[in-house]
Structures are given as C-alpha cells and as structure tokens.
Amino acid sequence: MIKMIALDLDGTLAIDNHQVSPATREALTILHDGGVEVVIATGRRYRTTRYVIENLGFDVFAVCNGGALIKNADTETLHAETFDIAPVVEAARATGLNIFSQRDAHATGGPDFYVDSGLPFSAAIARYLEDNEGFGETTDLAANSNDEFLVAGTFAPVTELEKFIDQLHRSAPGVFNTVMVNHKYPDVSYCEVSQAHVDKWHGLGKLADHKSVAPENMCAVGDDMNDLPMIKGVAHGVAMGNGHPTLKEHAQLICGDNKKDGLLDVVRYIEDINARAEDQ
C-alpha cells in the first residue's frame with residue numbers, strides 16, 4: 001500500500017498566489033482522512049510553504065529548503081542541516097553574482113534570509129528583496145558565513161549561472177550540490193546550492209524513517225529537476241504533465257498538468273493501488 005505521498009509545491013500542488021485548486025484540495029483531504037500521510041517536499045523556505053499549507057486546509061509535515069529542513073505538522077523543527085557558506089560566497093563574488101542564504105527563522109527568529117552586500121544588486125536580486133520585504137536583510141556574508149544557513153541561492157541568466165557552478169565545483173570539489181530551475185522572474189533562472197548529500201530525497205528519507213514508512217510504500221510527485229532524487233528514491237515516482245522531460249523519463253507515472261488538476265490522476269492511482277492491496 002501507499003502510505004505517504006510527497007508533493008512538490010510550485011508547478012505541482014500550488015497554483016497562482018499559493019492557492020490549491022478546490023478539486024485537488026478535496027481529493028487530498030479525503031486521501032489524508034483515509035490514512036495516507038500527505039507531505040510537502042519543496043525548495044521553498046518554511047514561511048512561504050506555510051502559505052500553501054494553510055490553503056490546503058490541514059496541517060502536514062514539510063520538507064523545505066530542498067531537503068535541509070524538516071518541520072512537523074505542529075510547525076516544530078524536526079531536523080535542520082546547516083553549513084558555513086563561505087566557499088559559496090567566494091565563488092559567487094568571483095563570477096559577479098549576488099548570493100543569498102536561507103535560515104530557519106521560524107525556529108530561531110530573525111530574517112528568513114540574508115543577501116550578500118559584497119556586490120551591487122542585480123535587478124532580480126533587488127526584486128527578490130522587494131517581493132519579500134520584511135523577511136530578508138542584507139549583510140556581508142563573507143564576514144558572517146556562520147553555520148546557521150540551510151541553502152544558498154542566486155538568480156541570473158543560465159550562462160552566468162553555469163560559470164558560477166563551474167567555479168564553485170572547481171574551488172570546492174565534491175562539497176556542494178547545485179540545481180538550476182526555471183523561475184518566474186524574466187530572463188533569469190534560479191540556482192540553489194546545498195551540501196552535496198542534501199536533496200529532497202535526503203530530507204524525505206529522514207522523515208520517512210521518523211514515520212516508519214518504507215520507500216516501497218511512498219509516492220512522490222514533482223515537476224522539475226530538483227525533484228529527481230525523490231522521484232527516483234520512492235517506489236512510486238510521478239512527474240507532472242508540465243514537468244521537465246528528463247524527470248518524466250524516470251517517473252513510473254506521468255499525470256496531468258499542474259493547472260488542470262493533474263494531481264487527481266495521482267490520487268486515483270493511489271486509491272486504486274491501495275484498494276487492490278486491501279483485496280489481497
């Protein structure tokens with residue numbers, strides 16, 4: 001039986017303005033009430049993850065910051081993997097990019113993230129600060145690169161991000177994992193940097209151990225390349241119809257599009273598998 005379903009947010013569960021469509025919300029509520037653990041697995045920080053959870057209508061466990069932070073349904077921190085981001089700051093400055101670092105502000109207080117003040121801000125970074133007014137601060141991250149940070153990130157055109165990624169991996173081989181995904185800001189993509197061993201499956205696996213759920217009893221759904229580790233890690237990996245072509249190649253199921261209630265296909269898939277398991 002499938003006992004847990006892990007859902008990415010952007011491009012998967014969440015639609016415009018952090019909403020969940022009524023049909024998807026109802027189906028997931030029924031699944032949740034029927035005993036299937038619904039979990040969020042996202043690259044978002046916890047504050048913006050909560051926006052979607054509140055619109056989902058019931059509290060859930062959340063794997064945030066790409067697997068570095070795990071929160072329980074009562075908003076308590078179960079696990080946080082932090083690191084010193086000094087090498088990331090150095091590589092970003094060397095390639096002319098603004099880096100920012102995210103932290104568990106919900107548990108420790110202070111801002112959700114710091115933006116490095118070592119370089120003039122790009123238009124995308126300036127907009128990111130404006131869009132998150134009150135939740136971010138600027139600082140010299142080279143002088144304050146302590147071990148409270150969960151992930152680092154930056155926005156830039158793909159060619160500039162590729163130079164940054166190359167510089168980072170050459171200066172700190174094997175230390176970091178980098179994932180590049182599309183973003184709503186025009187003409188730029190988003191690059192996220194985490195510790196090499198940290199990804200969504202790493203965080204989800206820790207949560208599964210906490211809940212005593214085996215990979216063969218898990219389903220994971222996503223749309224972009226940062227979802228690939230969890231799609232490959234579980235027995236039932238699902239790619240959204242609007243998902244990345246490479247992700248679809250590794251999925252056991254391809255469901256409908258995010259904005260067309262594609263998750264209903266997944267709910268029906270789980271209900272069918274569990275019904276057949278109960279009949280055996």
Side-chain angles (χ1 to χ4, degrees), residues 8 10 41-45 63-69 80-104 111-129 132 136-203 222 224-230 232-233 244 246-247:
D8 170 54
D10 299 297
T42 180
R44 289 193 189 195
R45 62 190 191 276
V63 176
C64 302
N65 299 97
L69 180 67
E81 294 211 26
T82 59
F83 66 103
D84 186 331
I85 63 165
V88 183
V89 177
E90 182 178 347
R93 289 185 178 184
T95 51
L97 297 185
N98 309 114
I99 203 79
F100 57 87
S101 56
Q102 298 182 352
R103 50 195 297 281
D104 186 10
D112 289 1
F113 62 91
Y114 285 106
V115 178
D116 181 35
S117 59
L119 295 172
F121 292 160
S122 67
I125 289 291
R127 181 175 174 184
Y128 183 65
L129 270 169
N132 294 276
E137 295 181 7
T138 62
T139 191
D140 181 350
L141 281 176
N144 297 283
S145 58
N146 59 39
D147 62 355
E148 69 172 338
F149 299 119
L150 300 161
V151 297
T154 188
F155 301 104
V158 170
T159 54
E160 294 182 23
L161 291 179
E162 289 173 342
K163 292 177 182 178
F164 161 66
I165 290 170
D166 180 66
Q167 173 70 25
L168 179 62
H169 290 316
R170 282 192 293 108
S171 61
V175 177
F176 298 106
N177 181 47
T178 54
V179 176
M180 194 188 314
V181 297
N182 295 326
H183 198 270
K184 64 180 181 180
Y185 294 161
D187 303 320
V188 299
S189 291
Y190 171 62
C191 179
E192 183 172 87
V193 182
S194 64
Q195 297 176 84
H197 66 283
V198 175
D199 54 34
K200 287 189 180 183
W201 177 234
H202 174 79
D224 219 327
M225 290 305 293
N226 60 343
D227 299 308
L228 184 59
M230 71 174 183
K232 294 172 67 175
H244 194 287
T246 302
L247 190 71

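Along the sequence shown, the residues carry numbers beginning at 1.
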*asked:* Is the distance from the ring center of F155 to that of F100 below 6.0 Å?
replied: yes
*asked:* Return the CG to CZ distance between D112 and R44, rounded to the nearest 0.5 Å.
replied: 12.5 Å
*Drop me the distance from N177's CG to I165's CD1, to the nearest 0.5 angstrom.*
9.5 Å
*Heavy atoms only: give me the nearest L119-A92 pair and the separation to one decimal.*
CD1-O, 4.3 Å
*How long is the span from the CG atom in L247 to the NZ atom in K232, to the nearest 0.5 Å?*
10.5 Å
*Side-chain heavy-atom pair L161, L97 within 4.5 angstrom cut-off*: yes
*asked:* Under 3.5 Å, is there a donor on one side chain and an acceptor on the other for Q195 and H202?
replied: no
_Shortest non-hydrogen contact between V89 and D116, atoms and distance_ = CG1-OD2, 3.8 Å
*Are any non-hydrogen side-chain atoms of P111 and R103 less than 4.5 angstrom apart?*
yes
*If every non-hydrogen atom of R93 is compared with every non-hydrogen atom of G118, which pair is closest and at what distance?*
NH2-CA, 3.5 Å
_Distance (rounded to the nearest 0.5 Å) between D104 CG and N65 CG_ = 8.0 Å
*Given V188, N98, T154, the one that forms side-chain contact (heavy atoms from CB on, under 4.5 Å) with S122*: N98
*Verdict with reasoning, F164 to I99, per side-chain contact (heavy atoms from CB on, under 4.5 Å)*: CA-CA 10 Å; F164 161 66; I99 203 79; 4.0 Å; yes
*asked:* With a 4.5 Å cut-off on side-chain heavy atoms, are P87 and V175 touching?
replied: no
*To the nearest 0.5 Å, what is the distance between CG (D227) and CE (M225)?*
9.5 Å
_In terms of relative ring orientation, are Y128 and F113 parallel, tilted or perpendicular, with 30° and 60° separating the classes?_
tilted
*Is the backbone of K163 close enough, under 3.5 Å, to the side chain of D166 for a donor and an acceptor to pair up by distance?*
no
*asked:* Please find the pair of heavy atoms, one from E192 and one from G43, that lie closest to each other, and give the distance.
replied: OE2-O, 3.7 Å
*Should the pair D8-K200 be classified as a salt bridge under the 4.0 Å nitrogen-to-oxygen rule?*
yes
*I would like to know whether I85 and F176 meet side-chain contact (heavy atoms from CB on, under 4.5 Å); could you show each step before the answer?*
CA-CA 10 Å; I85 63 165; F176 298 106; over 6 Å; no
*How many angstroms lie between CD in E162 and OG1 in T95, if you round to the nearest 0.5 Å?*
12.0 Å
*Shortest non-hydrogen contact between G174 and A196, atoms and distance*: O-CB, 3.4 Å
_Backbone of D140 reached by a side-chain donor or acceptor of N144 within 3.5 Å_ = yes
*Going by heavy atoms in the side chains, are D199 and V179 under 4.5 Å from each other?*
no
*Step by step, work out the side-chain contact (heavy atoms from CB on, under 4.5 Å) result for N132 and R45.*
CA-CA 12 Å; N132 294 276; R45 62 190 191 276; 2.5 Å; yes
*At their closest point, which heavy atom of V181 faces which heavy atom of S189, and how far apart are they?*
O-CB, 3.4 Å
*Are there more than 12 heavy atoms of other residues, nucleotides or ligands under 6.0 Å from atom CD of E90?*
no
_Less than 4.5 Å apart, side chain to side chain, heavy atoms only: is that true for F149 and L141?_
yes
